[in-house]
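Structure record follows, encoded as structure tokens.
Reckoned from all heavy atoms, side chains included, excluding hydrogens, waters and symmetry mates. Order of the sequence lines fixes the chain letters, A, B, ..., with proteins taken first and strands second; residue numbering starts at 1 for each chain.
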Amino acid sequence: MSTTEERPIGFGRLKRKEDARFIRGQGRYVDDVQLPGMLHGAVLRSPYAHARIVSIDVSAAQQHPKVHAVLTGRDLDGLGLAWMPTLSMDTQAVLATDKVRFQGQEVAFVIADDRYAARDALELIDVDYEPLPVVVNARRALDADAPVIRDDLEGKADNRIFDWEAGDRAATDAVFARADVVVSEEMLYPRVHPAPMETCGAVADYDAVEGSLTLWSTTQAPHAHRTLFALVARLPEQKIRVIAPDIGGGFGNKVGIYPGYVCAVVGSIVTGRPVKWMEDRSENLMATSFARDYVMRGSIAATRDGRILAVRVDVIADHGAFNATAQPTKYPAGFFHVFTGSYELEAAHCAVTGVYTNKAPGGVAYACSFRVTEAVYLVERMVDLLARELDADPAQLRLANLIRPDRFPYEAKTGWVYDSGDYETALRKALEMAGYEQLRAEQAERRERGELMGIGLGFFTEAVGAGPRKHMDILGLGMADAAELRVHPTGKAQLGISVQTQGQGHETTFAQIVAQELGIPPEDVEVVHGDTDRTPFGLGTYGSRSTPVSGAAAAVVARKVRDKARVVASAMLEVSADDLEWERGRWFVRGDPDQGATIQEIAMAAHGTVELPKGVEAGLDSETVYDPPNLTFPFGAYLCVVDVDPGTGKVTVRRFVAVDDCGTRINPIIIEGQVHGGLADGVGMALMELIAFDEDGNCLGGSLMDYLIPTALEVPDWETGFTVTPSPHHPIGAKGIGESATVGSPPAIVNAVVDALRPYGVRHVDMPCTPSRVWEAMQGRGAPPQ
Amino acid sequence: MQVPPQFEYERATSIEQALELLARLGPEARLLAGGHSLLPMMKLRLAAPEHLIDIDPLADELGYVREQDGELRIGAMTRHRELLDSELLRRRAAIFADAERVIADPVVRNRGTIGGALCQADPAEDLSAVCAAVGARVVIRGRDGERVVVMPEFHRGPYETAVGEAEMVTEVRIPLSPGFGSAYEKVERRVGDWAVAAAGASVRMDDGEIARAGIALAAVGAGVTSAEAEAALAGRRPSEEAFAEAARLAVEHCSPVDDQRGSAEYKRHVAGELTRRALRRATARALREEG
Ligand SMILES: Cc1cc2nc3c(=O)[nH]c(=O)nc-3n(C[C@H](O)[C@H](O)[C@H](O)COP(=O)(O)OP(=O)(O)OC[C@H]3O[C@@H](n4cnc5c(N)ncnc54)[C@H](O)[C@@H]3O)c2cc1C
């Protein structure tokens, strides 16, 4: 018993296979790639947030003895590469030609013998800028007198990117008009940054003789990147090989293509040598894809006795200087329209306006599930505000309004069809684990003594696993993923997948999925990923889509192998395939269990000389492309207890209870790890993380001294629990778990902080709840962060 | 990886050699102690010394905490980690352990030194406030000998100290007396972060009265000691009113700025709050000492 628990065949607590190399320091990251003759690139970045480029003089840099080439926008223009398409069908400057539009924007690229020389030479480049008026506040971006940032776009006379809505405006207005109670609040989900431990970078190796390009890069989507390079650089796709070696964290930061990658490619073509570009920490924080930056005005309508009727939201979405977020084309605000949350509503409506500002581009990043993070924050704060207005207990209010289990599949008012859920059970479990009643009693006692203790709840419904091809694409590429399973003669297997791990443990869970289906040990399944030459096409890992999409593909392809094994077994055993039954790892003759063949025996036979029925090919190898019929909808109930020091405003997270339901659980160790990491993310966003700007557009979060990430000392011992409500449409019933905790934890923490400050009459505090900002709120001066 | 500009590297194996090199290489040379202030500045290209004189070989000679002639003596190369772990300091000047627990992180504390910290004189630096609060004196050595200066003289303002060209700090001296207690209080946004505001305090109790008080604030644009606040406590019995009065005076003489760490208003408020807390704890410790 204990052996299968430690070494499960299939699902269970299997230690991560990839950790053997990581804990020995044997991982191989992009910066570990060393090639003969390799040169190093460095990017010159704009010190201004908005300025016209009058002239660029690179002559002194070119004369540096170790410099091989200096590229500017003008050089790239000659190759048609000064601009590139973004994943949102906008364009983005690779190296600025006309003007710079955010501080940190790429202006020139130096290629030198080593990175020291490349960096030194940046200081020899003389750029003459003519500063322009700046807009960094999204609320100001649409003002008539705001400077127009994208005058490169034909006919563009303002900073509006898109207007988008979901739900039924008229129906929602009608419900609001007759509601007993309406509560509104403006809140900011501030700009934060994924800040993966490994920054972004690439090594480009162009072979002029073969006309082929090998690109090692920090990418969460190697296949999509290859296709884009083919389209942008006009290199034939079969001549491009994109390799994503070990990746030190992604969180959406590594979905997009950055100018540095393109410069490395051009640099290699120009110099005829491999070129490495690795950004430093400040570059990563200042210039690569940020997350959030949503100004939201939410309203919630309810009856006096506490039935929630409708929710409505108006959003100004700050996308920065180029619209470079990644999301399905149909959904410019991602999946924000799951803001209806986990509640039975009569109506809902949202209107989102995307705007350009003089800030770095990006948006969909930091484990946000395509803006579900912002949506869940909005609705969970609104429910708490409603509870306050009604003087109701926030747990009771939620219990009364959660979608009931018999309502699934549930069609939400903004069009989503939630696959499965048992919300009440999850919430009751969290309340029980936390000892909710006792906590409230303790809080009352402490309040008597002037102590500030807060209890915050958050309930979330995630929408992950994008997605059905007919609705979802990235730049026209449908969001289906392939899997390829080879079974060697000895019964060992190799699974090729299109998604790419950045720490999620794909090499373990995907082996377990195959193991579960074929009944062979997970050690016998080698998972290959992150190399376009060795894996089938697919869109990559982000938005918690690996298990819902690729995990399904892995199960389906394993079942194909199993079906084929049945045909081979029938030939081996000389019985009809219909007379064979499956048990873990073996086909046997119905009614005669001793007569059978294991997968290993069948694999050998499939490659051997057994005569196979007409039309059946030798071998067991199979492949599949999985097009998900729907998203999956993981959910969870979170409860946070905080203490606030009344003298300093400092918030301490005392306890955090997280009950997650991600359907079938493949590997609980990995699930817990994902939840722990996501909860720590949540503490970071709620309490300390912020990419701020001054009014001149200077980025104030450009180092880890300014951009704070939580440590083990800011987080409590996580108390995790789970329920299991399988997805009815997923082959193994699994949903995603990668972003649940990041999505679910910030509202629970902020709700707890606001609850703690109740004696001060505080209604709302925008994140991050730093000591100073909490104290200002206690003084009645709370304001959004700058 | 952030990379510094080019520099020449020298290694000093004695104090004399370090001073010799400083004199020979001139103003473009800098001592390198723990490197945890200087190297980040070089990597961010905020500093570009032409020569680094590594004094790590002096870590043995200048790495100590001892009691001598009624004083605590701390060598300039004593690491944060050693200050945190010192039994002697814990007993005689608990303010060091208070502060060290919240300075940076273990990696930085393993290398960073008290000499480097005081000479860096970052406006949010903690040990300057600690040393000022306990009335420390700093030994500065030049080729022609030593001078000993009190903290208000040593610490001239942000990034500015009394250390002249071709001089270095070798030791910090803290006067000891019976009935002495000290404490440090800091608000940070996250462990390892620089202070939003911090306050150090010490009191010498004599027959139930505060014979002498030391108060110093960090990160709020204050002078290195709060002389007015200190004077207000001298000769008084410890009480909440006395502490509040001292805190008010200390706050009056600081000029914090709005920044990412917090609003100026907040910093003013919290500097007062921390001053009161530090005085309470310092007094409790002194009374325990005395009793
Ligand atoms: C991530 C991080 C967080 C930090 N957090 C804090 C914090 O919360 N609070 C805090 O107070 N500090 C903090 N620090 C600073 C840390 O304490 C440094 O170690 C300290 O400020 C400098 O000590 P050092 O020995 O490393 O000095 P170095 O960096 O080697 O030198 C600093 C300066 O002092 C000069 N110098 C060094 N020794 C001498 C000497 N004996 N005589 C004359 N000049 C000398 C050098 O030439 C240089 O100019 C932090 C540092 C880091 C990297």
Side-chain angles (χ1 to χ4, degrees), chain A residues 31 40 42 114-120 122-123 199 201 278-284 645-651 683-684 687-694 700-715 768-779 781 783 785-786, chain B residues 1-7 36-37 40-46 48 101-102 104-108 122 124 185-199 219-220 243-244 247 256-278 280:
Chain A
D31 207 10
H40 296 260
D114 56 58
R115 69 174 79 191
Y116 292 85
R119 178 67 185 77
D120 288 346
L122 295 184
E123 279 157 36
T199 57
M278 245 0 259
E279 66 184 2
D280 67 29
R281 181 58 62 188
S282 293
E283 293 181 286
N284 179 255
D645 180 333
T648 65
K650 177 142 181 110
V651 177
V683 170
L687 300 188
M688 61 192 79
E689 297 184 27
L690 175 68
I691 297 283
F693 295 83
D694 68 15
L700 305 178
S703 86
L704 292 180
M705 254 166 55
D706 308 300
Y707 189 76
L708 300 178
I709 292 172
T711 74
L713 295 178
E714 276 77 35
V715 301
C769 300
T770 60
S772 174
R773 295 177 41 71
V774 168
W775 182 80
E776 293 289 351
M778 289 162 69
Q779 312 309 308
R781 297 196 297 256
Q786 288 304 305
Chain B
M1 187 175 68
Q2 270 146 328
V3 293
Q6 202 166 333
F7 58 87
H36 272 295
S37 288
M41 293 214 306
M42 289 166 62
K43 288 182 171 189
L44 292 168
R45 301 206 171 207
L46 300 171
R101 252 194 294 276
V102 290
D105 50 54
V107 177
V108 174
D122 186 284
E185 294 278 348
K186 170 173 170 176
V187 171
E188 50 188 6
R189 293 169 300 171
R190 188 205 65 191
V191 68
D193 184 23
W194 294 81
V196 178
V220 289
F243 295 162
V257 293
D258 288 319
D259 62 16
Q260 289 299 295
R261 295 207 168 83
S263 67
E265 264 322 292
Y266 172 73
K267 291 179 186 178
R268 247 180 244 289
H269 158 79
V270 86
E273 175 72 24
L274 297 181
T275 304
R276 286 192 298 279
R277 291 184 185 186
R280 263 180 230 139

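The side-chain contact (heavy atoms from CB on, under 4.5 Å) test with B:M1 singles out one residue from A:R115, A:R281, A:E279, A:R119, and that residue is A:R115.
Between A:M778 atom CE and B:Y266 atom OH the span is 9.5 Å, to the nearest 0.5 Å. A distance of 5.5 Å separates NE2 of B:H269 from CH2 of A:W775, quoted to the nearest 0.5 Å. Rounded to the nearest 0.5 angstrom, A:R773 CZ and B:S263 OG are separated by 10.0 Å. Taking CG of A:D280 as the reference point, atom CG of B:L44 lies at 8.5 Å (rounded to 0.5 Å).
With sequence neighbours left out, B:R276 forms a side chain to side chain donor-acceptor pair (under 3.5 Å) with B:E273.
Taking 4.0 Å as the cut-off between side-chain N and carboxylate O, B:R45 and A:E123 count as a salt-bridged pair. A salt bridge does not link A:D706 to B:R261: none of the charged nitrogens lies less than 4.0 Å from a carboxylate oxygen.
Remark: side-chain polar atoms of B:Q260 are not paired, donor with acceptor, to backbone N or O of A:L700 under 3.5 angstrom. Checking side-chain atoms of B:R190 against main-chain N and O of A:M688 turns up no donor-acceptor pair under 3.5 Å. Using modelled atom types, no side-chain atom of B:K267 and backbone atom of A:S772 make a donor-acceptor pair closer than 3.5 Å.
The minimum heavy-atom distance between A:E776 and B:E265, with the atom names listed, is OE2-CB, 3.9 Å.
For B:P4, the parts sitting under 4.5 Å from any heavy atom of chain A are the backbone and the side chain alike. With a threshold of 4.5 angstrom between heavy atoms, B:V191 approaches chain A through its backbone and through its side chain.
The candidate with the highest count of non-hydrogen atom pairs below 4.5 Å against chain B, out of A:L708, A:T770, A:T711, A:L713, is A:L708. If you tally non-hydrogen atom pairs under 4.5 Å between each of A:A692, A:P710, A:S282 and chain B, the highest count goes to A:S282. When the candidates A:T648, A:D645, A:T199 are compared by the number of heavy-atom contacts under 4.5 Å with chain B, A:T648 comes out ahead.
Looking at B:P5 and A:Y116, their side chains never come closer than 4.5 Å, going by heavy atoms from C-beta outward.
Applying the 6.0 Å contact sphere to NZ of B:K43 captures no more than 12 heavy atoms from other residues, nucleotides or ligands.
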